[in-house]
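All remarks here apply to the structure that follows.
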Amino acid sequence: MSAADIHLTDAEQHAATALQHHFDNMEQQRVAGTLGMWVFLITEIMFFGGLFTAYVLYRTLNAASFAAGSSGLNVKMGAANTVVLICSSLTMALAVFYAQTGSRRMQIIFLLVTWALGATFLVVKGFEYAEKFRDNHVPWLNFQWEGKMPPGASVPSIRMFYWIYFVMTGLHAFHMIIGLGMLGFLIYFAWRGRYTPEYHAPVELGGLYWHFVDIVWIFLFPLLYLLGANLTH
Amino acid sequence: MSAADTPIDPLNPVMPDPSALPADSPEWRVKFPHVNYINAHYGIKSWLLTKDHKRIALLYLASVTVFFALGGAYAIAIRLELLTPPGDFVQAHTYNKLFTQHGIIMIFFFLIPSIPAVLGNFLVPLMIGAKDLAFPRINLLSWYIYIAGALFTIWALLNGGIDTGWTFYVPYSTSFSNTYVVVAGLGIFITGFSSILTGLNFIVTIHTMRAPGMTWFRLPLFIWSTYATSLIMVLGTPVIAITILLVALERLAHIGIFDPRLGGDPVLFQHMFWFYSHPAVYIMVLPSMGVVSEIVATFSRKNIFGYSFVAFSSLAIAIFGFLVWGHHMFTSSQSVYASMIFSFVSFAVAIPSAVKVFNWTATLYKGSISYDTPMLYALGFIGLFTMGGLTGLFLAALGMDVHLTDTYFIVAHFHYIMVGGALMGYMGGLHYWWPKITGRLYPEGWGRFSALVIFVGFNLTFFPLFLAGYMGMPRRYHAYAEEFQVLNVMSTAGASILGFGLLIPGIYFLWSMRYGKFAAPNPWPATGLEWRTLSPPPTENFASTPIVTWEAYEFRPIEEMEVIGPAPEQSSRPVPGLTTT
Amino acid sequence: MAEHIVSRKVYFVIFGALIFMTVVTYFAAQIHFQREAINTIIALAIAVTKATLVILYFMHVRYSPRLTWVVVTAGFFWLAIMIVLTLSDYLTRTQSAMPGIK
Amino acid sequence: MQIPLPKIDLPRLPFTPEQASTIAGHVDALYLYLILITLFFSILVVVLIFYFAVRYRRRTPDEIPPPVEGSLVLETVWTITPLLIAMTIFVWGASLYFALYRPPTDATEIFVVGKQWMWKFQHTEGLREINELHVPVGAKIKLTMTTEDVIHALAVPAFRIRADVVPGRYTYLWFEATKTGRFHLFCTEYCGTNHSGMNGWVVVQDPAEYQAWLSGGASESPAAQGEKLFQSLGCASCHKMDVQGRGPMLIGLYGKPQKLDNGQEVIADDAYIRESILDPQAKRVLGFGSVIAYIHSLAAPQGGGTANTAAPASGSTTTSGIAPDTQRSNPVGPTSPRTQRNTGGAMQPANANANTPRGTPPP
Ligand code: HEA
Ligand code: HEA
Ligand code: CUA
Ligand SMILES: [Cu+2]
């Protein structure tokens, strides 16, 4: 859509001090920001996509090993983390809602809750990594496999599974950390009262990013954890 | 004499210098006809912290030029080594570093950023009638990211370089090479983000910032091709990023995703690498195609024949370009059936290129053609790209590629497209927009002369390599068999002519920045919005948001093409060539 | 186009659905189906549904201009290109791996 | 082998490769077809450009020609025509590809192992060669190939064949030579420092000559036998005839002074040469220090490197004194995947020592 389609009253425009000089009006600025975020998110899809491709390929070639490797993961923790992330997505969505409706207090509260949930996720992840370390399942440190060995499985391929597990979840955790930083930034400015119903694009864009990170996990959970769940008993 | 009342002579649209100021006098900037983006602020800080897309374009221009000269120096060293069959000029491992670094620098640090980041940055907002790109800060950031990546790479070069070939094939790059693979890889990884952010910025800008009346089908074709290029940057670059990350992890921690000893598959690397790197070749050539469309229209004063076909062919190339990567892997032990798919689509993707070539040619029909330097480059582009593209068909033909892959035929193919095509387009574009960018004219005679020298030198350098390739001379060879020598001597001779030819514009561009004649707002004259503001444009491009009521490439007498100049108070003296403000 | 504000109720409904599906996928994974593939298919189908809900509602795509739809679809479509064409090589290979390597 | 595709026999023109296999003529026919297409379109475009540029040159500076609208008919024509032409190339190229990569079932198998930076061949009769492959003319040969370290590619331009050799898997090539002679054999996938040195010759012989070669050619002169040993033991992969390989050039060495890395000079007499072969470390030629370190690593137990295998065999002072049967004594380790059982699979890429990363690479 071009600038011509957009009409706002002068009052609306001047209300927003946040209008950058090169945009004609707030609506144009908001649309540009949202589109920019979405385009950024597709680059993220492709970034994780390389790993998903490797995963799908080796999973196809070594199904048994991947199932075996997967049975060594802690499904309970994975599931718990899934729930934590879904909750955080809800709270993030609500934070955006309160930004849109102009409730500073609720907005800050929900941003804080989101932050706390994100941190919880990372803590759980930390416990999981520690458990992998104890079980000697960390490939570059101490990899040994005494777990399930269904027919057709082989230790190198199981090791590969753990590599993919660590790279994928590690990259995901890295995105979570960036997300926490971003939330901190939003909390600070929300506290300063910067976001109004007219101008809250950062909260909205932050929300998009946060949900994206959630979606990545929504796929990681079944692909990594659930694969071998039925091997454990 | 006041310039304002001098009528513009359409024969010689160059205005008489209004100021009659010695160009090197200390106040020349202050007294320059108007306040523009160059003289609006002073000092190094005003450049390094600028958010003006035009200044950022100049930052890129300076940096890619440095890298081009560096890559060219490597090329000269390569050609010197190949003058004689035995490896006598440099040692084998040095030679391997030469072509690797030549390839990496030319591709990642010169050609990919060249047209998009220099001309694209400068022109996209101007052409669509916007004040700036959608995200000026991100634009500046992407230049810094580029520089950071470049510094890493230079660090790798200074420490002893890298010898994997620009393709980084595993397991050589992960387990065998003991050169600075990770550092150089990191450089490319980082630079990738620069390219992603630039592409993102363009996409958003083109979607949301067009001036009133600037509908999609009134956009200049350069915008279409930049848009298509940006799609590739956004969709492809992340994949090379993750691939390089995996190579680095494999090297540092032996993760084994590509290593056969650990159960991995080296061919997977090739899939992931080419998933980006084939589309990337279209990142390199599409912007040039856009430039050529602009130039051909302007210098034949004709609307581009089949505008919408040319526009959509850019998109088609960008999209189908993602389906052909396996044509680099026909002999890699890839499945023969997959090879067939990739070969088939490779032929399909040649069709939109063919459409473009024919439409450019048809545009000339019944035109009013002049032979200024940009036009010479554009016509050179069409011829050389056609040859480069058609030899691409040899390679896309499965049984033929088996004989030709990894020979000098490949080297000749891609230099025809990347040097004969993309580089010529870039040179043409630089000449074409030089008056707009600097407000000065380059010397036309030297321009034409060097264009011819470059054309001749280029063909002499790379044509013999087709023959050497068909005879079987393998690429990346430090020493080669006797029977290839004649051809290689010709090539080296050509390279020296080519290098000389390239040096000339290097010199006169620098010269013209200071001593060139002042340029009118619309010296050629051309139709795009960028020609309706001053040369050089003021900081926010137009005094008021332009309202577009004309179609793309609608040529009219120059008097009818009003200039949307700066606000009167910005202008310190009457601006020549301004019919209206 | 002005911004569309999604009501809180929608958010809670979607949240409920997501949690429900997480529980389902967890238990479905414990079941030993005759064919392994069924487990995978269930898990993936649920994951896709969950992701779609998040995208449509939490990320407001349902209420966004067509361009956003195009962008989202393009992202997943390109990922599919990469995976499918890569697999088209591996799944149709006739040349053997070295014994004992894979 | 009959291939149902067009074929031409090229006379030997300048700058064309020799045609020495059954498939070469077929590839050249496609090549010719592609050249004609290229010429046609290039000339078409160039001629049109020139013609228009002259015919419609700008005559007055302010002339503005009337705009020409596009033409759907033309657009369709020049979309469909190239598409059709392209499809003919596709079909032709693909059929050729299948012919190239589908080995006939009755072919004789030869095993090939690439490693940095040499080619090792093993004939089914057990004979091994390095960087040289002897084959009889008119026989169908199937190459079963793999590599010990990185990816290489075997190419014989005169036969128009090529395939990558990939660690962890076998790849195949086949050919039927139609001419006797020596033909270049190249490694064409970049594989590291001495990639350009990883080449050699395919020697196509008359069947009778080939049989004689197979049985060892006992009646040759000592120098000729020595040359064969020099080839088959892999000396030639480091000591090149024409270019500086990893070892010093040996041409013109005998009897001349040689500079050592400790600054001294020695006369390259029989004793020195013998010592150099047995113990490369003893007197080092200037500029080869790191290679010595490498040769040392070759002496490691499972490596079966050239240097230490050749040593016990050389009972006399000249190379020709090495007993001819060392040719069979596995100087470079087993080459063929088939013989891997009896030799403990030392050449398996999975455990060959050459396959472990060399030292710690810089970051
Ligand atoms: C800007 C860069 C660029 C561009 C645009 C292209 C364009 C094309 N390339 Fe090229 N290519 C490279 C850069 C480029 N290439 C590089 C760098 C490599 C080597 C990488 C490496 O290994 O280091 C390479 C390698 C390469 C290979 C792999 C060879 C090998 O390693 O074995 C193949 C195989 O199919 C190929 C094919 C093509 C084709 C079909 C096109 C097509 O898009 C061309 C389309 C254009 C035309 C066809 C001309 C115009 C048409 C007409 C005038 C009408 C007539 C047309 C018909 C009859 C169809 N290229
Ligand atoms: C954009 C891409 C690009 C460009 C422009 C070039 C330009 C040139 N290349 Fe390039 N080349 C590659 C990309 C490019 N190359 C790639 C990707 C490879 C493969 C690498 C690999 O195998 O890994 C390759 C490989 C390659 C080889 C094969 C090496 C081998 O396989 O062993 C050769 C050999 O002749 C060669 C030669 C040249 C020459 C003579 C030029 C000439 O055109 C260079 C001309 C330029 C100059 C001579 C500079 C001099 C001019 C100035 C200094 C003035 C400038 C100054 C100012 C403007 C102020 N190149
Ligand atoms: Cu082996 Cu190149
Ligand atoms: Cu390609």
Side-chain angles (χ1 to χ4, degrees), chain B residues 10-11 86-87 92-93 165 169 171-172 175-176 178 180 182-183 260-261 266 301-303 305-306 309 331-333 336 340 343-344 347 350-351 354-355 357-358 361 364-370 379 383 386-387 390 393-394 397-400 402-403 406 467 471-472 474 476-479 555, chain D residues 15 17 27 30 34 38 41-42 45-46 48-49 52-53 56-58 61-65 67-68 70 75 78-79 82-83 86 89-90 93-94 96-97 100-101 150-151 157 160 162-164 166-169 171 184 186 188-196 242-243 350 355 357 361-363:
Chain B
L11 211 178
H93 64 100
Y169 272 20
Y172 182 70
S175 314
F176 289 85
N178 43 26
Y180 284 75
V182 174
V183 183
R261 279 170 301 142
R301 297 228 175 118
K302 279 274 304 295
N303 56 330
F305 192 88
F309 284 88
T331 63
S332 71
S333 83
V336 287
M340 272 182 65
S343 164
F344 181 85
F347 283 107
I351 304 305
V355 169
V357 169
F358 294 132
T361 313
L364 301 176
Y365 175 67
K366 290 201 172 160
S368 160
I369 299 166
S370 71
L379 297 181
T386 302
M387 280 199 62
L390 286 165
L393 299 183
F394 288 57
L398 288 160
M400 197 68 237
V402 171
H403 176 59
D406 278 315
L467 302 175
M471 283 172 77
R476 296 173 170 176
Y477 260 33
H478 161 242
F555 281 87
Chain D
F15 306 130
V27 176
L30 176 55
L34 281 158
T38 305
F41 281 104
S42 307
V45 169
V46 171
L48 280 181
I49 287 181
F52 289 156
Y56 301 113
R57 67 186 175 277
R58 188 167 298 171
D62 48 1
E63 106 184 312
I64 293 183
V68 174
E75 299 286 349
W78 64 49
T79 309
L83 187 67
I89 311 175
F90 165 68
L96 195 55
Y97 188 65
L100 272 161
Y101 277 138
V150 302
I151 301 177
R160 314 284 190 277
R162 158 179 353 239
D164 281 14
V166 182
R169 91 153 33 101
T171 53
H184 275 298
F186 294 121
T188 61
E189 189 62 77
Y190 176 66
C191 54
T193 309
N194 209 17
H195 163 61
S196 64
D242 39 4
V243 296
N355 210 17

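A, B, ... follow the sequence lines: proteins, then strands. Residue 1 opens every chain. These numbers were taken from a predicted model, which means no experiment stands behind them.
Scanning both residues, D:Thr188 and B:Pro474, for their nearest heavy atoms gives CG2-CB, 3.8 Å. Across D:Ile89 and B:Ala397, no two heavy atoms sit closer than the pair CG2-CB, 3.8 Å. The two residues D:Pro157 and B:His403 come nearest to each other via the heavy atoms O-CE1, 3.5 Å. Smallest separation of non-hydrogen atoms from B:Gly306 and D:Glu75: CA-OE2, 3.4 Å. Taking each heavy atom of D:Tyr97 and B:Val336 in turn, the nearest pair found is CE2-CG1, 3.6 Å. The two residues B:Leu398 and D:Gly93 make their nearest non-hydrogen contact at CB-O, 3.6 Å.
With a threshold of 4.5 angstrom between heavy atoms, B:Ala354 approaches chain D through side-chain atoms but not through N, CA, C or O. For B:Val355, the parts lying near chain D are the backbone and the side chain together; criterion is any non-hydrogen pair under 4.5 Å. When heavy atoms are compared at a cutoff of 4.5 Å, B:Leu364 approaches chain D by way of both its backbone and its side chain. Using a 4.5 Å cut-off between heavy atoms, B:Pro171 touches chain D through backbone and side chain atoms alike. Only the side chain of B:Thr386 comes within contact range of chain D, with at least one heavy atom under 4.5 Å from a heavy atom of that chain.
Side-chain contact between B:Ser333 and D:Asp164 is absent, with no heavy-atom pair separated by less than 4.5 Å.
The local environment of CZ in B:Phe344 is sparse, with at most 12 non-hydrogen atoms from other residues, nucleotides or ligands closer than 6.0 Å. For D:Tyr56, the OH atom sits in a packed shell: over 12 heavy atoms of surrounding residues, nucleotides or ligands are nearer than 6.0 Å.
Chain D forms more heavy-atom pairs under 4.5 Å with one residue of B:Ser368, B:Gly383, B:Gly399, B:Gly472 than with any other, namely B:Ser368. Comparing B:Leu379, B:Leu467, B:Asn303 by heavy-atom pairs within less than 4.5 Å of chain D, the highest count is held by B:Asn303. Ranking B:Leu393, B:Val357, B:Leu390, B:Ile369 against chain D, the residue ahead of the rest is B:Ile369, based on heavy-atom pairs under 4.5 Å. Per-residue heavy-atom pair counts under 4.5 Å with chain D were compared for B:Lys302, B:Met387, B:His93, and the maximum is reached by B:Lys302. Between chain D and the options B:Phe555, B:Phe347, B:Tyr169, heavy-atom pairs under 4.5 Å are most frequent for B:Phe347. In terms of non-hydrogen atom pairs under 4.5 Å with chain B, the most contact-rich of D:Val45, D:Ile151, D:Ile49 is D:Ile49. Ranked by heavy-atom pairs under 4.5 Å with chain B, the list D:Arg162, D:His184, D:Arg160 is led by D:Arg162. Considering only heavy-atom pairs separated by less than 4.5 Å from chain B, the leading option among D:Leu96, D:Val46, D:Val27, D:Thr38 is D:Thr38.
In this structure, CG in D:Leu48 is found 11.5 Å from OH in B:Tyr365, a value given to the nearest 0.5 Å. Atoms CG and CZ, from D:Asp62 and B:Arg301 in turn, are 7.5 Å apart once rounded to the nearest 0.5 Å.
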| Checking side-chain contact (heavy atoms from CB on, under 4.5 Å) for the pair D:Thr193/B:Phe176: CA distance, chi angles, key distance, verdict? | CA-CA 10 Å; D:Thr193 309; B:Phe176 289 85; over 6 Å; no
| request: Carefully, step by step, assess D:Phe52 and B:Lys366 under the rule side-chain contact (heavy atoms from CB on, under 4.5 Å). | output: CA-CA 8 Å; D:Phe52 289 156; B:Lys366 290 201 172 160; over 6 Å; no
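Under the salt bridge (charged side-chain N to carboxylate O under 4.0 Å, His left out) criterion, B:Asp406 pairs with B:Arg475, sequence neighbours left out. For B:Phe394, the ring-ring contact (aromatic ring centres under 6.0 Å, His included) test picks out B:Phe409, D:Tyr31, with sequence neighbours left out.
Between D:Tyr190 and B:Tyr172, the ring centre distance stays below 6.0 Å.
Ring geometry for D:Phe186 versus B:Tyr477: interplanar angle over 60°, hence perpendicular rather than tilted (30 to 60°).
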